[in-house]
Structure formats: C-alpha cells, structure tokens
Amino acid sequence: MQRFSITHGGRGQGAWLCALLAAGALALAGCGSDSSEGEDVTVSKGDAGYVDWPVFGRVPERTHYLPTEKKLLDPPLREAWSIDTHALIEFPPAIAGGVAYVVNKFGNATAVRLSDRKVLWRRIADPRDHGKPTDVTAPVYHEGKVFFAFLSGDLVAVDAASGKQVWKRNLHAHLESSPMVVGDTLYLGDDKTDVVALRAADGKELWRFNSPAAIKASPSYHDGRLFVADYEGSLFALDAGSGKPIWRSNTTKVAPFGTGGFFSSPAVGFGQVYAGRDDGTVYGFDEKTGKVTWSFQTGDSVYGSPAVAQVPGTPPSVYIGAENGRFFALDADTGKARWHYDVGGPIPGTATVIGHTVYTSSFKTREAIGLDARTHKKTFELKQAGYTPVVSDGERLYLVGYFVLVGLEPTSR
C-alpha cells in the first residue's frame, strides 16, 4: 500500500514551506564576466526559456558546469527568496521547465515554480514504504517524470506535473547512486555490486552488470559509454546499450597504490574521465582506453565529485575539495595544481561552476563561498552550508543550505 501524501497549493500553504524575503546584498564585490567558451556548452532550454539542470551534474557527463553568455549570473548576488524544507537537503534539486523538484533527506519532495515560488505539489514520504532511514539520492527529471532512488532499494517514478506515482520498483539493494537517464534508459548502481539499466517509461530491467565491489558513485555518460566507479578502486567503461564492459582500470594496481574506493562520481570532459578516490587521490583516465593519465594527492579524504570546466581565460580545469579544507583547481590535462584555496573546514560535497565562479561549502564554517576561477579570490559568501551548494536555471542561482533552498539573483538587476 502506498502511503505518500500529495497536496497541491501555492503561497497560502506556508505551514510546511517558509518563504523569506531579503533585499540586502550577500556578496563581496563581484567581477565582470567574459562570454563563455569551453567544452561543455550544451545548454538546454525549458518551456519558459529557462535553462534545465535536470540531473546531478547538469549534463550526462556530470561536469557540474553552466557556462553563461552574458554578465548576469556572477557575484555580487542578493537573496530573492528562501524555502525551508525542515530537513537536510543532501542533493541539489532537479530543474526543468522553470520548476525545481526539491527532495530532503526523508524523501519528502516538493515541486516549486521558480518564477513566483508557487508550490505546484508536494509529496510526503511514509518511512513504512521505504524503510528507516528513508535517505534518498539526487532527483532526476526526464520527459515529464521525476525519479527518486531510496536507500531502501525503492526506485520511484512520479509524474512531474502532478507528483503522482507512475511506477515503482524495489531493486533489493541499498541505493546511494543517483540515477542517470539518457534517451529512454535509466542507469544507476547499487551496494550489491550491480549497475542496472531500466526502461524509464515503466521500470523494466534491460540489463545488469556485476562489478567486484559496491557502487556508491553515480554513473556518467558520454558518446554511448557509461562510466561507473566501484568502492574498491576500479573504474569501468560500459556499452550503454548492452552493459558489456569496454575497459576496466583498477587504480589499486597503479601507482600511487592505495586501497581507497570511489564515492566520488566520475566527470567526463576534454577526452578524459575524472574521479576522486576516498583516500584523497584524484585521477584522470583516458576516456577511450581507461589508462591512468595522471593522479594527484589532495592530502585527505575526497567524497565529493569533480567539477570540470574551461572558464574563459583559464585552461581546462578540474575543481575538487578534500576533508582537510583545501579546495583545488587542477589542470585537466596534467593533474598539476593550478591553485588551491583554504576553505577553513572539511569539504564534504561537490563544487559547481557557474559563469566564472566556482562554488563550494563547508559545514564547519557554516557557509557557502564563491571563488573567481580566474583570480582565485573569494567573491561571494553566505551563511548557509550544503553538500553541493549552487545550481542555476540561467535566470537565478539556487543555493542549497542545510534545510533551505535560497534563490539568488545578481544585484545588477
């Protein structure tokens, strides 16, 4: 029996959502922006003219990068509104067609129209359906559906317009891997060492690949290949249509040696695949062969995924943080550190790059910050901490705090 509660409403239903308005500037003086160039230039537009950010990482390559063509999205920024979900938001929302699909740690989901903050629907999860804890991975939007994967093993597809369940499957394994949808196929990994491909329309299993170890990282996709890393240090390239392995790279047999696993999800760009092992080693792999092209030691554990971007005026770069509080910009071709910044506390999550600003966060400092990718200087700070701090719909930026989603807009408006 399904025990979700679905309600519809707008601003008047404020008991569950608290909207706060503020007019004060929240940033240090910002810098001008160049027109965007670089490898990741695919920007899809929603029905209302907004940019879509439908999946963790924005695109199937999971670059966590949004290039901008105009000087509109970089700091200084100010708060336009905020929404309180009353529980930890571990992952950023999926954004499509001007609507954000936000889910908190307990699996409670809300669809919010970003132009006016109107709540289109909200879906309250009952832990009796998904077990305790109800932890959920990042939501994914695809062709009118939103997909949620629960730690309990439940994979749920709901109608994006109404919030009503379309289908549900239990994969009988813990799900920590955020789903990826490409074409008509949904991909994700599980802790029973499988990569599973399902038909997005109805959840029918298409194929299954077994790896040597649990898969906690989220798969990435590029040019017909699925890239997935396991928790014993191996990265695989699979044929996305059949699940057949194309290559495997076992990092525990490549210097520098180690026994760390990949919690960090791979990112694809500039002919390479990038991922961080939880012992603090970041790797670059040749996309076609799987050969390790470089490695870099951060000095502490890495749990967040790399962001990959070529911000105008900078070389192709990999941005990633470690538990020692050091945030790095690495040369994407060689792995050499271009610069680093001491955040002041452990960095548990994934950076994002929007325009020429790189955003990261630490719960110890209780703030999210923005660093100019060209000058390496801090241009933004806000006393809200989150795992993956910022996403955008091309009109505003949306900062994921501990409990809240904050809408930010450039002060130039």
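Using cut-offs of 30° and 60° for the angle between ring planes, the Trp294 and Tyr274 rings count as tilted. Between Phe380 and Tyr359, the ring planes lie perpendicular to each other; the angle is over 60°, past the 30° to 60° tilted range.
Side-chain contact, Asp372 with His356: a donor N or O sits under 3.5 Å from an acceptor N or O. Side-chain contact annotation: Asp278 with Ser301, donor-acceptor N/O pair under 3.5 Å absent. When only modelled atom types and interatomic distance are considered, Thr281 and Gln297 share a side-chain donor-acceptor pair under 3.5 Å. Ser317 and Arg338 share a donor-acceptor pair across their side chains, judged by distance under 3.5 Å alone. Side-chain atoms of Glu367 and Ser361 form no donor-acceptor pair, as typed in the model, at a separation below 3.5 Å. Side chains of Tyr65 and Arg58: no donor on one and acceptor on the other come within 3.5 Å. A donor-acceptor contact closer than 3.5 angstrom is absent between the side chains of Ser265 and Arg62.
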Practice item. Report the C-alpha separation of Val195 and Leu226 in whole Å, then their side-chain angles, then the decisive distance to 0.1 Å, and conclude whether the side chain to side chain contact (heavy atoms under 4.5 Å, CB included) test is met. Key: CA-CA 10 Å; Val195 181; Leu226 200 70; 3.9 Å; yes
Practice item. Could you check Leu405 against Thr85 for side chain to side chain contact (heavy atoms under 4.5 Å, CB included), going step by step and ending with a plain yes or no? Key: CA-CA 8 Å; Leu405 181 70; Thr85 71; 5.8 Å; no
Point to revise | Derivation and outcome, side chain to side chain contact (heavy atoms under 4.5 Å, CB included), residues Arg123 and Val158 | key: CA-CA 10 Å; Arg123 182 180 176 89; Val158 305; 3.6 Å; yes
Practice item. Would you sort out whether Arg169 and Asp154 count as a side chain to side chain contact (heavy atoms under 4.5 Å, CB included), showing the intermediate values? Key: CA-CA 6 Å; Arg169 284 203 58 181; Asp154 283 343; over 6 Å; no
Review point. Going through the distances and angles, do Lys145 and Asp159 end up as a salt bridge (charged side-chain N to carboxylate O under 4.0 Å, His left out)?
Key: CA-CA 5 Å; Lys145 297 184 184 68; Asp159 181 81; over 6 Å; no
**Study point:** Evaluation steps, side chain to side chain donor-acceptor pair (under 3.5 Å), between Thr252 and Asn250
**Key:** CA-CA 6 Å; Thr252 63; Asn250 186 347; 2.6 Å; yes
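Contact annotation: the side chain of Val136 never approaches that of Asn104 to less than 4.5 Å [non-hydrogen atoms, C-beta and beyond]. No side-chain heavy atom of Leu235 sits under 4.5 Å from any side-chain heavy atom of Thr251. The closest side-chain heavy-atom distance from Val353 to Val311 is below 4.5 Å. For the pair Pro306/Ser264, a side-chain contact is recorded, criterion being any heavy-atom separation below 4.5 Å from C-beta on. Under the 4.5 Å side-chain criterion, counting only non-hydrogen atoms from C-beta, Leu155 is not in contact with Asn170. Thr379 has its side chain out of reach of Leu371: every pair of non-hydrogen atoms, C-beta onward, lies at least 4.5 Å apart. The shortest side-chain heavy-atom distance between Phe147 and Val181 falls under the 4.5 Å cut-off. The closest side-chain heavy-atom distance from Val391 to Pro93 is below 4.5 Å.
Counting non-hydrogen atoms of neighbouring residues, nucleotides and ligands closer than 6.0 angstrom, the CZ atom of Arg366 reaches no more than 12 such neighbours. No more than 12 heavy-atom neighbours from other residues, nucleotides or ligands sit within 6.0 angstrom of CG on Asp184. Within 6.0 Å of the NZ atom in Lys336, the count of heavy atoms belonging to other residues, nucleotides or ligands does not exceed 12.
Rounded to the nearest 0.5 Å, atoms CD (Glu323) and OH (Tyr303) are 5.5 Å apart. Here Asp52 contributes atom CG and Ser392 contributes atom OG; the two are 11.0 Å apart, rounded to the nearest 0.5 Å. Atom CG of residue Asp286 and atom CD of residue Gln272 lie 7.0 Å apart, to the nearest 0.5 angstrom. Interatomic distance, Leu186 CG to Leu198 CG, rounded to the nearest 0.5 Å: 6.0 Å. Interatomic distance, Leu399 CG to Leu77 CG, rounded to the nearest 0.5 Å: 9.5 Å. Atoms OG1 and CD1, on Thr357 and Ile354 in that order, are 8.5 Å from each other to the nearest 0.5 Å.
Thr298 and Ala322 get closest at one heavy-atom pair: OG1-CB, 3.6 Å. Across every non-hydrogen atom of Pro179 and Ala138, the tightest pair is CD-O, 3.8 Å. Between Ala337 and Phe296 the shortest heavy-atom distance is CB-CE1, 3.9 Å. The shortest non-hydrogen separation linking Gly321 to Val302 is O-CG2, 3.9 Å. Smallest separation of non-hydrogen atoms from Asp279 and Gly260: OD2-N, 4.0 Å. Between Ile246 and Leu238, the closest heavy-atom pair is CD1-C, 3.9 Å.
Salt bridge annotation for Arg225-Asp223: absent, with no cationic side-chain nitrogen under 4.0 angstrom from a carboxylate oxygen. The residues Arg326 and Asp342 are annotated as not salt-bridged, no charged nitrogen and carboxylate oxygen being separated by less than 4.0 angstrom. A salt bridge does not link Lys192 to Asp194: none of the charged nitrogens lies less than 4.0 Å from a carboxylate oxygen.
Proximity of a side-chain donor or acceptor of Asp230 to a complementary backbone N or O of Ala214 within less than 3.5 Å is not detected. Between the Thr365 side chain and the Gly345 main chain, no donor and acceptor come within less than 3.5 Å of each other. At least one donor-acceptor pair under 3.5 Å links the side chain of Ser211 to the backbone N or O of Thr193. In this structure a side-chain-to-backbone donor-acceptor pair under 3.5 Å is missing from Trp207 to Lys244. Between the side chain of Tyr187 and the backbone N or O of Ala240 there is at least one donor-acceptor pair closer than 3.5 Å. At distances below 3.5 Å, at least one donor-acceptor pair connects side-chain atoms of Ser362 with backbone N or O atoms of Pro346. For Glu90 (side chain) and Tyr387 (main-chain N/O), no donor-acceptor pair under 3.5 Å exists by modelled atom type.
Between Phe227 and Tyr221, the gap from one ring centroid to the other reaches at least 6.0 Å. For an aromatic pair to be called close, the ring centres must be under 6.0 Å apart, and Tyr398 with Trp81 satisfies this. The distance between the ring centers of Phe236 and Phe209 falls below 6.0 angstrom. Between Tyr341 and Phe328, the distance separating the two ring centers is not shorter than 6.0 angstrom. Annotation: His64 is in aromatic contact with Phe56 [ring centroid separation under 6.0 Å].
Both tests do not hold together for Lys216 against Phe263: distance to the six-membered ring centre under 6.0 Å, angle to the ring axis within 45°.
Applying side chain to side chain contact (heavy atoms under 4.5 Å, CB included) to Ile89 and the options Ile83, Val400, Thr388 leaves one that passes, Val400.
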